[in-house]
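Presented below is the structure to which this report refers.
By convention here, the first residue in the shown sequence is residue 1.
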Amino acid sequence: MLDLDAALGSETTLLIGGGYGLFLKQLYLADHPGVRTLLTPDDLPDARTTNDIDLILRAEIVTDSESMKSIRMALDELDCRVVETAKYTQFSRSMPQGQVKIDLLAAPLGHFAERVPKDPRRVKPRPSVKLHASKLEEALAVDRHALSIPVEGKLSAGEEHRAEVLVPQAFSYLLMKLCAFRDRMNDVNRSLGQHHALDIYRIVGMLTREEDTHVRSLSAEYAEHPTVTEARAIAAKHFISPDGLGRLRIREHPLYKESMELDRFGSELSLLLGISG
């Protein structure tokens, strides 16, 4: 991630979602104990790292060929290779610690949709620069009120580097993760469903006081949006209900702890999404 930030320079501030974004946020909060969160660190599952980086691209960037060309050039400079099963939306890079995968995702396009050809699954700017992004239509307001996190360390070449990356606020994160859980909850291999379920608990638990205000405001603003309606239904059936499959997947996860407050989590999730009854 630091290598990519350095390669892009000041052109783009990275917006990181997925499990890696939550990992960065949890580490940041651990280093800043003065930031008050809904649950204490002891009530949260241990931070879970991942080799997948979900890079969320704003609508004005993902629909602009010149902006996407700069990102493609940075990926090429870092010797990132196209993942053939997800051509031009996923790239991998060999690192001493193993393979790192970069998944390019497009925030909701809004009026920028007119810039690109219609496609149900991905955004492909014109003219082509051989870089696409998978549509993330459920990520409403993902670039609003994002948390800025300082990250520092050594680049692959050995130089020290410091970056500011953005992590989505909890409203957008909940929409993304609830939809992801819906898509994977019945997989034969339960691990992905378990990870998504535990991440939903983690998102609620790491809610800060400032975030709480933003989430409630956004939840009211988008109250009638179909994505929010769907997210509420998923949350009510699988996480707020004591017998929900989401709660079961949380308890199945290797990082589950008996001290985790599932009933409080369900109540807070209901309040955040504006679920009545």
Side-chain angles (χ1 to χ4, degrees), residues 1 3-5 7-22 50-78 80-93 100-146 165-169 171-184 192 196 218 221-222 225-228 230-231:
M1 183 186 65
D3 284 337
L4 182 57
D5 180 83
L8 288 170
S10 59
E11 295 180 29
T12 303
T13 301
L14 302 180
L15 177 60
I16 307 296
Y20 193 67
L22 292 176
T50 172
N51 290 330
D52 294 348
I53 298 176
D54 286 0
L55 179 58
I56 303 172
L57 303 175
R58 295 177 180 82
E60 63 270 26
I61 292 174
V62 75
T63 58
D64 179 65
S65 283
E66 286 302 312
S67 298
M68 293 290 275
K69 182 179 179 180
S70 296
I71 297 172
R72 179 63 205 251
M73 289 173 64
L75 292 170
D76 290 342
E77 179 183 328
L78 297 173
C80 295
R81 305 300 175 91
V82 173
V83 176
E84 290 300 325
T85 54
K87 200 164 187 178
Y88 303 142
T89 65
Q90 292 181 2
F91 290 74
S92 65
R93 187 185 186 206
V100 174
K101 187 182 76 175
I102 300 171
D103 199 351
L104 297 157
L105 304 168
L109 300 184
H111 67 276
F112 288 101
E114 63 189 27
R115 288 183 175 181
V116 294
K118 289 185 178 180
D119 188 298
R121 297 185 302 110
R122 58 175 67 198
V123 179
K124 299 179 283 189
R126 290 290 182 266
S128 175
V129 293
K130 295 186 178 180
L131 188 68
H132 304 163
S134 299
K135 285 188 171 181
L136 199 61
E137 295 292 351
E138 65 270 25
L140 303 178
V142 71
D143 55 350
R144 292 170 58 184
H145 310 299
V165 301
L166 299 175
V167 171
Q169 36 63 30
F171 173 73
S172 303
Y173 241 134
L174 283 172
L175 298 183
M176 291 186 284
K177 281 293 180 178
L178 284 165
C179 290
F181 174 78
R182 173 202 60 200
D183 295 341
R184 308 312 297 258
L192 277 178
H196 291 316
L218 290 169
E221 178 181 343
Y222 288 95
H225 196 285
T227 296
V228 176
E230 172 70 6

Measuring from [X]:[atom1] to [Y]:[atom2], what's the distance to the nearest 0.5 Å?
| X | Y | atom1 | atom2 | result |
| --- | --- | --- | --- | --- |
| Ile56 | Ser134 | CD1 | OG | 12.0 Å |
| Thr50 | Leu22 | OG1 | CG | 10.5 Å |
| Thr13 | Leu8 | OG1 | CG | 9.5 Å |
| Leu104 | Phe91 | CG | CZ | 6.5 Å |
| Leu75 | Met68 | CG | CE | 9.5 Å |
| Asp76 | Ile71 | CG | CD1 | 12.0 Å |

Side-chain donor-acceptor distances from residues 118-127 under 3.5 Å, at least two apart:
from, atom 1, to, atom 2, distance (Å)
Asp119, OD1, Arg121, N, 2.8
Asp119, OD1, Arg122, N, 3.1
Asp119, OD2, Lys124, NZ, 3.3
Arg122, NH1, Lys87, O, 2.7
Arg122, NH1, His132, ND1, 2.9

Which pair of heavy atoms, one from [X] and one from [Y], lies closest together, and at what distance?
| X | Y | result |
| --- | --- | --- |
| Ala133 | Leu105 | CB-C, 3.9 Å |
| Pro168 | Gly17 | CD-CA, 4.3 Å |
| Ala59 | Pro108 | CB-O, 3.6 Å |

For residues 174-183, which residue pairs qualify under salt bridge (Lys or Arg N to Asp or Glu O under 4.0 Å), counting only residues two or more places apart or in two chains?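 Matches after skipping sequence neighbours: Lys177-Asp199, Arg182-Glu230.
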Main-chain N/O of Lys69 paired to Glu66 side chain as donor or acceptor, under 3.5 Å: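 The answer is no, because no donor-acceptor pair under 3.5 Å joins these two groups.
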For the backbone of Val167 and the side chain of Tyr173, can you confirm whether one donor and one acceptor N or O come within less than 3.5 Å of each other?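 Looks like no, no N/O pair under 3.5 Å.
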Take Asn51 and Lys101, measure what side chain to side chain contact (heavy atoms under 4.5 Å, CB included) needs, and give me the verdict at the end. CA-CA 6 Å; Asn51 290 330; Lys101 187 182 76 175; over 6 Å; no
Can you tell if the side chain of [X] reaches within under 4.5 Å of the side chain of [Y], non-hydrogen atoms only?
| X | Y | value |
| --- | --- | --- |
| Met176 | Asp54 | no |
| Leu178 | Glu138 | no |
| Phe171 | His145 | no |
| Asp103 | Asp52 | no |
| Leu136 | Val142 | no |
| Glu137 | Thr227 | no |

Evaluate Val116 against Leu109 for side chain to side chain contact (heavy atoms under 4.5 Å, CB included), listing each step before the verdict. CA-CA 10 Å; Val116 294; Leu109 300 184; 4.1 Å; yes
Residues which pass side chain to side chain donor-acceptor pair (under 3.5 Å) with Glu221, listed by chain and number, not counting sequence neighbours: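 In terms of side chain to side chain donor-acceptor pair (under 3.5 Å), with neighbours along the sequence ignored, Glu221 is linked to Arg144.
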Taking side-chain contact (heavy atoms from CB on, under 4.5 Å) as the criterion, tell me which of Leu78, Val83, Val82 meets it with Cys80.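 So the option named by the test is Leu78.
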